[in-house]
Trainee: 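Shown below is the structure under consideration.
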Amino acid sequence: MTCSSWKRFLVPAAVAAVVLAGALLFPQQYYAWISMAAAVIACLPLLVRFERRSPAAGELTVLAVLVAISSAGRFAFAWIPAFKPVTAVTVLSAMYLGPESGFIVGALSALVSNFYFGQGPWTPFQMFAWGFLGFLAGLLSRPLQKSKAWLCLYGIWAGLLYSLIMDVWTTLWADGTFVLGRYLAACASALPFTVMYAASNVVFLLILGGPVGEKLQRIKEKYGLFQNQA
Amino acid sequence: MDTFASYHPAALLGYFMAVLLPAMFSANPALHLLVLLGGLAFWALLVPGRTFAGDLAFYTLLSLMIAVTNPLFSHNGVTPLFFLNGNPVTLEAVWYGVDMAVMLVAVLYWCKCFHRVMSDDKLLFLLAGTASSLSLLISSAIRFVPELKERIARVHQAQKAMGLYSSGSYVDRLLGGLRVFSAVLSWSLECAVETGQAMKGRGYGLKGRSHYALFRLRPRDGWFAAVTLCMAAAVVTVMARGALTHDFYPKMTGLSAAPEALLGYAAYGVLAALPFLLEAAGRCRWHLLLRRCARQDTGGEPGKDGVRWTY
């Protein structure tokens with residue numbers, strides 16, 4: 001155990017502080033406050049762990065390229081509406097470079113591409129949504145690498161989940177509380193985008209899964225990077 | 001000539017948190033109005049008049065849409081105005097929608113100001129002190145984005161010259177795009193590893209290395225931070241004592257005009273107006289200095305060529 005005893009109380013203390021501050025200061029906008037704080041706090045542990053590990057220079061630059069290509073890909077495929085390669089790049093990085101790398105690529109892609117598209121209260125939610133999808137794909141790397149069917153399913157589920165998480169944000173943001181009617185309406189109006197996200201994920205993962213996977217595997221083995229990850 | 005943006009990034013970040021958090025998470029219409037006015041005034045100084053007018057039209061439409069849709073989804077409140085499909089449209093829900101619209105537009109305006117004032121070098125400077133690996137990762141990613149865009153264009157042109165995917169069909173274009181993407185990825189991954197090895201060769205990650213600080217704290221940063229802190233502390237204290245709570249449902253409570261609440265409004269008003277005031281003061285000073293320079297150079301008259309010097 002490298003953690004000293006008082007540090008173990010940091011996360012519960014942070015959660016308690018957030019809840020208390022919300023109850024005292026923002027009683028009417030409690031839900032919006034809590035959800036925003038939750039998105040931020042959910043991103044912190046993995047970011048802190050990454051920082052503590054002080055990764056090798058090669059790992060940093062490889063991850064930076066993956067983050068950059070998922071942001072640049074948004075421009076390259078701009079002629080197809082709602083076609084974002086971010087999820088696919090995140091999932092592929094997670095499958096071959098481990099859950100932590102998946103989280104980092106997903107969360108930082110949201111942050112970096114928002115330097116071009118505009119930062120706002122939605123940034124933590126996007127970071128959390130993409131980071132979480134990457135982390136999960138890293139945990140499921142074995143079935144995802146073996147079967148194309150699982151990869152397709154994950155692409156669909158990722159498009160759906162991303163859309164559902166961002167609609168929660170829209171609802172909380174527009175109403176201050178969670179109004180089910182508004183949420184359903186937001187989901188319905190975002191349906192074309194959701195379908196497009198899921199379809200683009202599947203297309204991307206099916207066509208690029210093989211070649212990109214080989215490239216990442218090759219980099220990993222040839223240069224001995226990302227070896228301490230599961 | 002950006003006066004406000006020239007303050008220290010840490011003070012600026014603290015300021016934006018202090019002004020945005022109470023606005024985003026309170027339900028007090030007076031606070032929302034104050035923050036909207038402050039943001040609008042500051043944004044008006046940052047952009048040309050035409051851009052400002054265009055923005056204003058767009059956000060007015062957006063806020064109207066939010067204000068109108070709220071009573072359709074929310075049927076809380078005790079004062080029905082009329083019934084739509086058997087559901088009451090209540091006065092409280094209408095006001096709540098208006099308040100939400102004001103708050104949303106205000107926060108969007110402040111986000112635009114944030115985007116303009118806190119450029120990525122400032123954010124990375126702040127991050128570098130606490131998280132050096134992450135900030136290096138983010139800054140190299142930001143540097144790679146334009147490089148990758150250029151590589152994508154180059155590979156695309158090369159493939160076109162070879163006669164690949166020359167038909168205009170969507171499937172062809174999509175497959176071609178993916179092939180370019182894949183080629184650029186392998187090219188860039190290889191380069192990235194080499195960059196990493198070069199960094200290692202030059203001592204990246206060794207103990208005892210420091211980072212270069214772009215920004216230094218100056219006395220005026222201290223003043224700015226102190227004013228921000230005092231005002232924010234006043235607002236938070238008043239909020240925590242419950243003097244600024246305002247309920248829309250079930251029945252609207254009137255806006256509190258108790259001395260304590262007024263103090264809270266005043267403190268928040270100063271806080272929200274701070275960027276506008278500093279920026280405006282900075283501009284006035286700049287113009288006065290310009291005029292003084294022009295007078296010294298030409299004795300107060302336009303130069304021989306009839307052109308007045310400007311700097």
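Letters go in sequence order (proteins before strands), and every chain restarts at 1.
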Trainee: Within the structure provided, determine whether B:Phe144 and A:Ile69 are in side-chain contact (heavy-atom separation under 4.5 Å).
Mentor: no
Trainee: Tell me which of these, B:Arg241, B:Met239, B:Lys149, has more heavy-atom pairs under 4.5 Å with chain A than the rest.
Mentor: B:Lys149
Trainee: Between A:Ser71, A:Pro211, A:Pro55, which residue shows the highest count of heavy-atom pairs closer than 4.5 Å to chain B?
Mentor: A:Pro55
Trainee: Could you walk me through whether A:Leu108 and B:Leu134 pass the side-chain contact (heavy atoms from CB on, under 4.5 Å) check?
Mentor: CA-CA 9 Å; A:Leu108 296 190; B:Leu134 275 173; 4.1 Å; yes
Trainee: Find the one option among B:Thr195, B:Leu104, B:Val107, B:Leu108 whose heavy-atom pairs under 4.5 Å with chain A are most numerous.
Mentor: B:Leu104
Trainee: Flag the one option from B:Leu123, B:Leu72, B:Thr69 with the top tally of heavy-atom pairs under 4.5 Å to chain A.
Mentor: B:Thr69
Trainee: Can you find a pair of side-chain heavy atoms, one from B:Leu189 and one from A:Leu216, that are under 4.5 Å apart?
Mentor: yes
Trainee: Got a donor-acceptor contact below 3.5 angstrom from the A:Lys215 side chain to the B:Ser182 backbone?
Mentor: yes
Trainee: If the condition is ring pair (Phe, Tyr, Trp, His ring centres under 6.0 Å), which residues does A:Tyr223 pass it with, not counting sequence neighbours?
Mentor: none
Trainee: Other residues, nucleotides and ligands only: do more than 12 of their heavy atoms fall within 6.0 Å of NZ on A:Lys148?
Mentor: yes
Trainee: Which atom pair, heavy atoms only, marks the closest approach of A:Glu51 to B:Ser133?
Mentor: OE2-N, 3.1 Å
Trainee: Please name all residues satisfying side-chain hydrogen bond (donor to acceptor under 3.5 Å, both in side chains) with A:Arg218, sequence neighbours left out, ordered by chain then number.
Mentor: B:Glu190
Trainee: Side chain, backbone, both or neither: which part of A:Ile219 has an atom under 4.5 Å from a heavy atom of chain B?
Mentor: side chain
Trainee: Does a side-chain heavy-atom distance below 4.5 Å link B:Leu185 with A:Leu66?
Mentor: yes
Trainee: With sequence neighbours left out, write down each residue that passes ring pair (Phe, Tyr, Trp, His ring centres under 6.0 Å) with A:Tyr197, or none if nothing qualifies.
Mentor: A:Tyr162
Trainee: Look up atom CD in B:Gln197 and atom OG1 in A:Thr61, then write down how far apart they are to the nearest 0.5 Å.
Mentor: 9.0 Å
Trainee: Quick check: do A:Leu225 and B:Val193 have side-chain heavy atoms less than 4.5 Å from each other?
Mentor: yes
Trainee: So, do B:Leu178 and A:Val203 sit near enough that their side-chain heavy atoms are less than 4.5 Å apart?
Mentor: yes
Trainee: After noting the C-alpha distance and the side-chain angles of A:Ile207 and B:Phe181, does the key distance pass the side-chain contact (heavy atoms from CB on, under 4.5 Å) rule?
Mentor: CA-CA 11 Å; A:Ile207 297 182; B:Phe181 194 83; over 6 Å; no
Trainee: Can you pull out the residues in residues 136-143 of chain B with any heavy atom less than 4.5 Å from chain A?
Mentor: B:Leu136, B:Leu137, B:Ile138, B:Ser140, B:Ala141, B:Ile142
Trainee: Taking the side chain as C-beta and beyond, is there a heavy-atom pair between A:Leu60 and B:Tyr204 under 4.5 Å?
Mentor: yes
Trainee: Contact part of B:Ser119 toward chain A, heavy-atom cut-off under 4.5 Å: side chain, backbone, both or neither?
Mentor: neither
Trainee: What option among B:Glu194, B:Met199, B:Met24 has the most heavy-atom pairs under 4.5 Å with chain A?
Mentor: B:Met24
Trainee: Identify which part of A:Val89 has an atom lying under 4.5 Å from any heavy atom of chain B, answering side chain, backbone, both or neither.
Mentor: side chain
Trainee: Looking at B:Trp95, I want to see if its CH2 is surrounded by more than 12 non-hydrogen atoms of other residues, nucleotides or ligands under 6.0 Å.
Mentor: no
Trainee: Quick check for you: among B:Cys191, B:Ala198, B:Ser188, which has the greatest number of heavy-atom pairs under 4.5 Å with chain A?
Mentor: B:Ser188
Trainee: Quick check for you: among B:Ala131, B:Ala240, B:Ala101, B:Gly97, which has the greatest number of heavy-atom pairs under 4.5 Å with chain A?
Mentor: B:Ala131
Trainee: So, for A:Val65 and B:Ala192, which heavy atoms are closest and what is the spacing to 0.1 Å?
Mentor: CG2-CB, 3.5 Å
Trainee: Does A:Trp33 reach the side chain of B:Leu21, with side-chain heavy atoms less than 4.5 Å apart?
Mentor: yes
